[in-house]
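Below is one structure, written out as structure tokens; comments come after it.
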Amino acid sequence: MTQPLSVRNVTAHYGTTKVLEDLSLDVAEGELVSLLGASGCGKTTTLRLIAGFLEPSAGTITLGGRDLTRLPAYKRDIGLVFQNYALFPHLTVLENVAFGLKQRGIATADREKRARAMLERVGLAPLADRLPGALSGGQKQRVALARALVIEPPLLMFDEPLSNLDAKLRIDMRVEIRQLQRANRTTAVYVTHDQEEAFSISDRVAIMNAGRIMQFDTPETLYQRPANAFVARFVGFENLIPMQVVARDGETVNAETAGGAKLTLSRERFGDIPDAFIFAARADGLRVVPGTGEGIPATTGLRTYLGRAYQYHCDTAAGPIVANGPLSQPLEPGSAATLVPVPDQCCVLAAE
Amino acid sequence: MATRIPLPLILLTIAVYIFLVGPLIIILGAAVSDTTYLTFPPQGFTLHWFQRIFEIGAFRRTIVTSLELACLATALALVIGIPAAYALNRYRIQLPTWLSTVFVLPILVPEIVLGFSLLKSVAVGAALPIFPTLLIGHTLLVLPYAVRVISASLASFDFSIEEAAISLGSPPAKTFFTIVLPNVRSGVIAAFILAFITSINDVSTSLFLTGPGVSTLPIQILAHVEQFFDPVIASVSVLLMLLTVAVMAIVERTLGLTFLTK
């Protein structure tokens, strides 16, 4: 029942504006893939192309080997869950869930039985005869989920399904969505602008910007090893420091920032380092040590308390840098300090 | 404890009610007056003037014409107006902004100008018979109301509901009837009633387009008043009101008059 999705070299336009550029995306059977990005990055456009509400100007979309590219939306068999629930206001909860089965010509008794069973699974069986207007946001989204799942679609897609819910419910619902998706082993595409949401429930995440996929990988890899400066910024690397290689030997590379601060980087950890590169580090990836030593010389500024550490806004020859220091040694503003990289939490990226 | 309503407000409310209902009471009174001229308060009581309406052939004929015209013009306006309003709302982003204005233009043109230009172009120019010309005129007259009212209803319709139905396997045309239309029903009913009332009461446009043998009830009333001053006018007005109420009642029974309470 579940099938792999393949989007190949798809380009899309709104009028004369190009909104997707040569986009390719493969989703394996039973995998949940998120499209993550700010509004206007093309994630919703991608979803609408797969759903059939938009036609690509080039490229192909296949689902389990079946070419969907020119197939009308109503023949695609894709379960959709919308941001604003999109329940049918004039139909009861049960009729909403049974709607897709009715379109498939399933007899009344059978489709009611199956719709009720699905409502049971999302915990809404007692509300079967209500109209959607009488439900809370969370209940509405459960109905929408049941309505999409009951047709047993080979592909399930979510368009920002939780953004109208409050914070606590969002977390409960995303766990519920993930559990249902895993239990059915349904291939799923999940569109969101919320990084935590995407990372927490996805097998893989495609980070998008300006109609392109910037990186498509597991949440762990994206979080720890961003492939480029855009993704690094997106996943919260506060410091992107342009550097220049000044000397290379067998094991290490010596590099310098604009203001002349030097770092020695191990080739074993960072691999091939181009002559001009960006040294990316989260605040946690640069340790603030009092006094001078091996690292980037800095003067500490504003200190904030994070609970697990102190965070310092430092002035350095390479510009302002945010770095964390231990709780045992609070430093007053204006102290001389050294920022020591923690290699595991830093990356070397191609210069922009 | 009950809230005290200020006296001026009570008086104002009563005044508004008198203003609204007063003319109706006067017409109703005059229609049953047992005199040969229009008078209020009525002197005596008779239903003779209602009987008289049907003895005058011109009234009999124009009542039928007006009903036919209002029904057909309203139906046409809905057949054109519903798809137009749908397209204007569904593809709002893709369509140029002036396009929705086009559908409101007939409201901006004085009705009398509309009637006269139709006379010149359609009745004389294209030599169309009277009834089709009247139908064109009335359809043009009521179409803007239909488009505006249904548009207002569609403006609050979330089109992702339509997409949800399509994604569940319902073809677009079927989705329109099973999902979109039931959710803008109140707008369609409101449009129906507005269009029907506008058509059945119209004088300005019809004035130019009626001709020998074919006339509408309001035009016949006008012609009658020019010659007679008997209570038939009042009784025919009552009849016109009753007809309108009857149509609203039928529409309410079949479709549900929810727009008044929403």
Practice prompt. For each of P171(B), P182(B), A165(B), P172(B), tally heavy-atom pairs with chain A at distances under 4.5 Å, and name the one with the top tally.
Written response: P171(B)

Practice prompt. Check the pair I179(B) / F99(A) against side chain to side chain contact (heavy atoms under 4.5 Å, CB included), numbers first and verdict last.
Written response: CA-CA 11 Å; I179(B) 300 295; F99(A) 186 87; 3.7 Å; yes

Worksheet, complete the sentence: Output for pair (R104(A) CZ, L168(B) CG), nearest 0.5 Å, gives 7.0 Å

Worksheet entry | K174(B) vs Q103(A), side chain to side chain contact (heavy atoms under 4.5 Å, CB included): CA-CA, chis, key distance, verdict | CA-CA 10 Å; K174(B) 185 181 169 195; Q103(A) 306 311 312; 2.8 Å; yes

Item to complete: Among the options A86(A), G15(A), G100(A), A51(A), pick out the one with the most heavy-atom pairs lying under 4.5 Å from chain B.
Response: A86(A)

Fill in: Toward chain B, the part of I78(A) with a non-hydrogen atom under 4.5 Å
backbone

Practice prompt. Please say whether more than 12 non-hydrogen atoms of neighbouring residues, nucleotides or ligands are located less than 6.0 Å from CZ in R90(B).
Written response: yes

Worksheet, complete the sentence: Okay, R48(A) and chain B: the region with an atom under 4.5 Å from a heavy atom over there is side chain

Fill in: Reported OH-to-CD distance for the pair Y74(A) and E163(B), which is rounded to 0.5 angstrom
16.0 Å

Worksheet item: Would the number of heavy atoms belonging to other residues, nucleotides or ligands and lying under 6.0 Å from CZ of F53(A) be above 12?
Response: yes

Worksheet item: For I5(B), does the CD1 atom sit with more than 12 other heavy atoms under 6.0 Å from it, leaving out its own atoms?
Response: no

Practice prompt. Under 4.5 Å heavy-atom distance to chain B, tell me which part of L101(A) shows up: side chain, backbone, both or neither.
Written response: neither

Worksheet item: More than 12 foreign heavy atoms under 6.0 Å from CZ of R76(A): is that the case here?
Response: yes

Fill in: Atom CD of E120(A): over 12 foreign heavy atoms under 6.0 Å
no

Worksheet item: Which atom pair, heavy atoms only, marks the closest approach of H90(A) to T178(B)?
Response: NE2-O, 3.0 Å

Discussion item. Let me confirm one number: the CG-CG distance from L91(A) to N183(B), rounded to the nearest 0.5 Å.
Written reply: 8.0 Å

